[in-house]
There are 2 protein chains.
Amino acid sequence: MISVALINDYEVVVRGLASMLHAYSDRIEVVELDLNRQVGNSVDVALYDTFASPQGDRDRVKSLASNPLVAKVVVYSWNTDDDLVHAALANGAAGYISKGVSARELTAALEGIHEGVEEIYATASTATIVAGDWPGRDEGLTQREAEVLALITQGLSNDEVAEMAHLSINSVKTYIRSAYRRIAVDSRTKAVLWGIEHGFRPDHTRVTHPEPDPGSRA
Amino acid sequence: MISVALINDYEVVVRGLASMLHAYSDRIEVVELDLNRQVGNSVDVALYDTFASPQGDRDRVKSLASNPLVAKVVVYSWNTDDDLVHAALANGAAGYISKGVSARELTAALEGIHEGVEEIYATASTATIVAGDWPGRDEGLTQREAEVLALITQGLSNDEVAEMAHLSINSVKTYIRSAYRRIAVDSRTKAVLWGIEHGFRPDHTRVTHPEPDPGSRA
DNA sequence: GGAATCTTCACCCCTAGGGGTGGAACGTAC
DNA sequence: GTACGTTCCACCCCTAGGGGTGAAGATTCC
């Protein structure tokens, strides 16, 4: 039985992961981790889901890896580029798991990593199991559509989204187009307003680029 | 002593008006009016502030005029075009007052209208008294900048803002430019996010154009 | 096997939006 | 009288964003 803390800014993502792992609750105990205070119960693994976060977020991985309450950090992401994996490991992650794996494989991988066997599960499959959860899922958004929408709801331009998600600008535009069609909006502003009303607000606003005005939170 | 209900979707605007009229509290009693329920105390005058609302909003004026709790409806606006004034009166308003008037004149006008003397106070002055309040005032936004920002925070395009505020597209762009400079943002999305965090959320989302998806609120 | 779906990307076209410049009228403060 | 701020508008320029089309690979379902 290992304890796992789920790390992501979107509550629904965390909830989706938790429910995914619930089937293996005899092997995985999902626990809370207070990142703002360095007190409390330690966890065996901090599972960091990169949804709508900078891929290869070295600061986040580093921060988690150096948190005394966290024994091991595992990155959970769609992006399995070698450089991203290596960067995460270089920054202290003990493992890197593709979102393409099943819940059973995820559980096994977490156990393996916990036991000190560094493993990287990077399957090439893209739509193996529709598990987990993400904002807008109930409204029919695919994971990628949701992620791109979440990033524009953070205020990012298409170029910034492309960079952050490691996608081509053309892919970003494609996802924007399809996402807008699904939620029946025709402008970015309306999409952002929709997002805010539908769980696309991160719990913690991460500063991924310099704030021009230190006095305001945007 | 007449009772006046202040009508606007932005709490800070209502609060600003209330404080403006406070100086005349021996003549004006500001009261609450529950528009969703047709029960409660009636008011002598419903003072409808058009900030970030469609100018000449016939439906709103009509609705207020037909509310059995409201004796008289008065429109309070920067726009004093003849056609707007006539439209408001045709829709049941008993008066139309320019925002350019002083609090004293406003009070006198409300009393005159209440007593059955239909009056339209439309002064040409544009910056007589900096009274009242509006979202973003503390952050240095002028009234017009705030109004335009409020409208884009409702999801309107520049063309729609121009139409709603009875301004030229060029004026709208000018206000957008200056507003962005003041709040230190460089994109619409960031401006909208800023607006949401700074009181630019209307209490009641008014449907000013058809919703494409009846199942969602955007 | 074919259709549907998701992910990813390319390319074309056009305008909505944002940056700039300038100007006029009015009111207020020094 | 001058300077400044607010409101309002014009015009120039350019690209960010959004609409379209097409294609390929993988997986699942009928």
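We name chains A, B, ... by the order of the sequence lines, and we start the count at 1 in each one.
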message = Whether A/S171 contacts C/dT7 is assessed here as follows: a side-chain N or O lying under 4.0 Å from the phosphate OP1 or OP2. Is that the case?
response = no

task = Could you state the atom-to-atom distance from CD of A/E160 to P of D/dG17 in whole Å?
result = 8 Å

message = Any heavy-atom pair between the side chains of B/T189 and A/I152 that's under 4.5 Å?
response = no

ask   = Quick one: on DNA chain D, does B/K173 or B/S187 contact a more 5' nucleotide (nearest heavy atom)?
value = B/K173

query = Relative to the 5' end of DNA chain C, which residue comes earlier, B/T189 or B/T174, by the nucleotide with the nearest heavy atom?
reply = B/T189

Nucleotide C/dG20, atom C1' - distance to CD1 of B/I176 in whole Å = 15 Å

task = To the nearest Å, give me how far apart CD (B/E145) and C1' (D/dT7) are.
result = 10 Å

Integer-rounded Å distance: D/dG20 C1' and A/N170 CG = 13 Å

inquiry  = Taking the nucleotide of DNA chain D with the nearest heavy atom to each, does B/T142 or A/R177 sit closer to the 5' end?
reply    = B/T142

More than 12 heavy atoms of other groups within 6.0 Å of A/E139 CD = yes

task = Please state whether the rings of B/F200 and B/W194 are parallel, tilted or perpendicular, taking 30° and 60° as the class boundaries.
result = tilted

ask   = Which part of the nucleic acid, if any, lies within contact of A/I169, taking any heavy atom under 4.0 Å across all strands shown: a base, the sugar-phosphate backbone alone, or nothing?
value = nothing

query = Do B/V14 and B/D49 come within less than 4.5 Å of each other through their side chains, counting heavy atoms only?
reply = no

Side-chain heavy-atom pair A/R177, A/R181 within 4.5 angstrom cut-off = yes

Distance below 4.0 Å between B/Y175 side-chain N/O and D/dC8 OP1 or OP2 = yes

query = To the nearest angstrom, how far is B/N158 atom CG from C/dA16 atom C1'?
reply = 7 Å

query = Could you give the CD1-to-P distance, from A/I152 to D/dG17, as a whole number of Å?
reply = 9 Å

key: Closest nucleotide among C/dC9, C/dT7, D/dG17 to the A/R144 side chain   = C/dT7

message = Can you confirm whether the side chains of B/N170 and B/S168 place a donor and an acceptor under 3.5 Å from each other?
response = yes

request  = Ignoring backbone atoms, establish whether B/R182 has a side-chain N or O less than 4.0 Å from OP1 or OP2 of D/dT6.
outcome  = yes

request  = Go through the steps for B/V4 and B/I2 under the test side-chain contact (heavy atoms from CB on, under 4.5 Å), then give the verdict.
outcome  = CA-CA 6 Å; B/V4 177; B/I2 63 174; 4.2 Å; yes

message = Using five pairs at each end of the helix from C/dG1-D/dC30 to C/dC30-D/dG1 to define an axis, what is the angle between those two axes, to 10°?
response = 30°

Distance below 4.0 Å between A/Y180 side-chain N/O and D/dG18 OP1 or OP2 = yes

ask   = Quick one: B/L149 CG to D/dT6 C1', roughly how many Å, whole number?
value = 17 Å

task = Please report, rounded to the nearest Å, how far the C1' atom of C/dG17 is from the CG atom of B/L151.
result = 16 Å

